[in-house]
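We name chains A, B, ... by the order of the sequence lines, and we start the count at 1 in each one. Model, not experiment: these values are computed from the prediction.
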Protein chains: 2
Amino acid sequence: MSTGHAAFEPPLSDRSTWQAHDRCSIGRAMQVVGSRSAMLLMREAFYGTRRFDDFADRVGITEAAAAKRLRELVDAGLLERTPYREPGQRTRHEYQLTPMGRDLLPAALALMQWGDGYLADDEGPPIVLRHADCGAPVAVEIRCAEGHDVPMHELRAGRPRRG
Amino acid sequence: MSTGHAAFEPPLSDRSTWQAHDRCSIGRAMQVVGSRSAMLLMREAFYGTRRFDDFADRVGITEAAAAKRLRELVDAGLLERTPYREPGQRTRHEYQLTPMGRDLLPAALALMQWGDGYLADDEGPPIVLRHADCGAPVAVEIRCAEGHDVPMHELRAGRPRRG
DNA sequence: AGCCTGACTTGCCATTCGTATAGTCAGGTG
DNA sequence: CACCTGACTATACGAATGGCAAGTCAGGCT
C-alpha cells in the first residue's frame with residue numbers, strides 16, 4: 001500500500017462502486033480527438049490554418065487521412081466547413097473552429113506543456129506561448145472557483161447535484 | 001477570409017515558415033498517451049488504482065490490451081512498477097504514478113472538462129471535482145506568469161530564447 | 001476549348017489497437 | 001503437495017489508422 005498515490009482519495013478510493021466506464025468524459029473525449037492526427041489537425045486550426053491542403057501538409061499526413069479526420073471533426077462539431085472567396089479566386093471551403101473546437105484549447109495546451117516538459121529534445125520546445133498583454137509565458141493550471149491553485153492532493157471527486 | 005479564427009495570429013499566421021512537424025510537443029504527447037486506453041489507464045492511476053486487474057476491469061479493456069499499454073506507460077516513464085506486500089499476502093507489483101505521470105493531470109482534466117461540456121448525456125457529467133479546502137468546483141485554466149487569465153485571442157506564439 | 005489548381009476520392013497495403021479465448025507461473029493456503 | 005488467485009503471456013482475429021499512388025471534379029484562366 002506504499003505512499004504517494006495521493007489523488008481523489010477519501011470519497012472515491014473504492015472506485016468499484018461507481019462504474020463510469022462508458023459515461024466518462026475523458027473516454028468520450030478520446031473517442032473524438034484521441035488519435036494523433038485529429039489532435040494535430042486541431043492544433044493547426046488553433047494556429048489559424050483553414051485550407052485543406054495546408055492542414056495535410058502542416059500536420060504531415062496524406063490527403064486521404066486528412067480528408068477523413070477533417071470530416072469526422074466537422075461531424076463531431078469541432079470544425080465548420082464554410083464557403084469563402086478570395087478576390088479573383090473561385091469559391092472554396094475553409095475549416096474553421098466552432099466554439100466547441102475552440103474550447104478544446106486548454107486540453108491541447110496542457111498536452112503541449114506536458115510534452116515540452118518531458119518529451120522535448122536537446123533544443124527544448126519549439127515554441128513558447130506568451131500573453132499578448134504582458135509578455136509573460138502562459139501555462140495551464142488547475143484552479144477552483146474561489147481562485148485557489150489546486151494541487152493534485154487537494155482534489156476531491158464527487159457526484160454532481162441532480163436537478 | 002471571414003472572421004473569428006483569432007488565435008496566435010500576428011507572429012505566426014504564416015505557419016509555413018516554421019515546420020515543427022516532428023518536434024511538436026502535442027504530437028509527441030499524442031504518441032505516448034494518444035490512444036483511448038492509455039489515457040483511460042492514466043485516469044485510473046489518478047483515481048488511485050494500482051493493481052493490474054483493477055486497471056483492466058475499470059478501464060474496460062482486456063488483460064492483453066492492459067498489459068501492453070501498461071508496459072508502454074512504464075517504459076515511457078509515466079508509471080512505475082514496484083513490488084509491495086499486503087499483510088498475509090504474497091509480494092505483488094503495483095503501478096504507481098511517477099512525477100511525469102502526475103504532471104499529465106492537467107491534460108486529463110482539460111479533456112474531462114471539455115467532454116463534460118460537450119459530450120455528456122442527459123444525466124450530465126458523472127462526477128465533479130472540488131477543491132478539498134474550500135469545496136469549490138475546479139477547472140483547468142490558461143493563465144500567464146503574471147496571473148492573468150489568458151483568453152485564446154490574447155495568446156502569442158514565438159520561438160524560445162536559446163541558451 | 002483546354003489547362004491548371006485546389007480539394008478531394010479510390011484502391012491497396014502495412015501497422016496498430018483492441019477483442020476473445022486459452023494458457024502459464026509464482027507463491028501462499030489447506 | 002494439490003489448489004487457488006492474481007498477474008500476466010500466447011494465439012488468432014477484426015477494425016481502425018495511416019501511407020503511397022492514381023484518379024476525379026469544379027471552376028477560373030488563356
### Query
Does a nitrogen or oxygen in the side chain of B:Tyr95 sit under 4.0 Å from OP1 or OP2 of D:dC8?
yes

## Note on the structure
Checking D:dC8, C:dG6, C:dT19 against the side chain of B:Glu63 (C-beta onward), the nearest is D:dC8

### Query
Below 4.0 angstrom from OP1 or OP2 of C:dC8, is there any side-chain N or O of A:Arg81?
yes

If you restrict it to nitrogen or oxygen atoms, what contacts under 3.5 Å exist between nucleotides 25-29 of chain D and the protein, and what is each distance?
residue	atom	partner	partner atom	Å
D:dA26	N3	A:Arg90	NH1	3.3
D:dA26	N3	A:Arg90	NH2	3.4
D:dC29	OP1	A:Gly88	O	3.3

### Nearest-nucleotide pick for A:Glu72, side chain only, options being D:dT17, D:dA7, C:dC8
D:dT17

## Note on the structure
note: A:Phe55, atom CZ; C:dA7, atom C1'; distance rounded to Å ~ 13 Å

### Query
Starting at CE of B:Met30 and ending at P of C:dT16, how long is that distance when rounded to a whole Å?
17 Å

### Task
For A:Ile61 and C:dA7, give me the distance from atom CD1 to atom P, rounded to whole Å.
15 Å

### Message
I need the CG-P distance between A:Asp53 and C:dT5, as an integer number of Å.
### Response
12 Å

### Query
Does the B:Arg102 side chain pair with the main chain of B:Leu97, one donor and one acceptor, at a distance under 3.5 Å?
yes

#### Entry: Phosphate-side-chain proximity, B:Ser35 and C:dT16, N/O vs OP1/OP2 below 4.0 Å
no

### Message
Classify the ring geometry of A:Phe52 against A:Tyr95: parallel below 30°, tilted from 30° to 60°, perpendicular beyond 60°.
### Response
tilted

### Task
Send over the distance from A:Leu70 CG to D:dG18 P, rounded to a whole Å.
12 Å

### Task
Mind calculating the distance between CZ (B:Arg58) and P (D:dG6) to the nearest angstrom?
13 Å

## Note on the structure
Which of C:dC8, D:dG18, D:dC8 is nearest the side chain of B:Phe52? It is D:dC8

Using a 3.5 Å cut-off and no angle test, enumerate the donor-acceptor pairs between side-chain atoms of residues 111-118 of chain B and protein atoms at least two apart in sequence or in another chain.
residue	atom	partner	partner atom	Å
B:Gln113	OE1	B:Val140	N	2.7
B:Gln113	NE2	B:Val140	O	3.4
B:Trp114	NE1	A:Met100	O	2.8
B:Asp116	OD1	A:Ser25	OG	2.4
B:Tyr118	OH	A:Asp103	OD2	2.4

### Task
Could you check if a side-chain atom of A:Val128 sits within less than 4.5 angstrom of a side-chain atom of B:Arg159, using non-hydrogen atoms only?
no

### Message
Of the listed nucleotides (D:dC20, D:dA7, C:dG18), which one gets closest to any side-chain atom of B:Ser37?
### Response
C:dG18

### Message
Is it the case that the side chain of A:Thr98 and the backbone of A:Gly77 share a donor-acceptor pair, with hydrogens and angles ignored and the cut-off at 3.5 Å?
### Response
yes

## Note on the structure
On a heavy-atom basis, the closest approach of A:Cys144 and B:Cys134 is SG-SG, 3.5 Å

### Task
To the nearest Å, give me how far apart CG (A:Asp57) and P (D:dG19) are.
12 Å

### Query
On DNA chain D, nearest-nucleotide positions of B:Arg92 versus A:Lys68: which is more 5'?
B:Arg92

#### Entry: B:Arg69 side chain near C:dT16 phosphate (N/O to OP1/OP2, under 4.0 Å)
no

### Task
For A:Ala66, report the nucleic acid contact type (base, sugar-phosphate, nothing); a contact means any heavy atom under 4.0 Å.
nothing

### Query
Hey, quick one: are A:Met152 and B:Leu78 part of the same hydrophobic cluster, counting side-chain heavy atoms closer than 4.5 Å, chains of contacts allowed?
yes

### Message
So, OP1 or OP2 of C:dC8: does either fall under 4.0 Å of a side-chain N or O from A:Arg71?
### Response
no

### Query
In whole angstroms, how far is the C1' atom of C:dT9 from the NE2 atom of A:His93?
15 Å

### Task
Just jot down the side chain to side chain donor-acceptor pair (under 3.5 Å) partners of A:Asp121, sequence neighbours excluded, or say none.
B:Arg23, B:Arg28

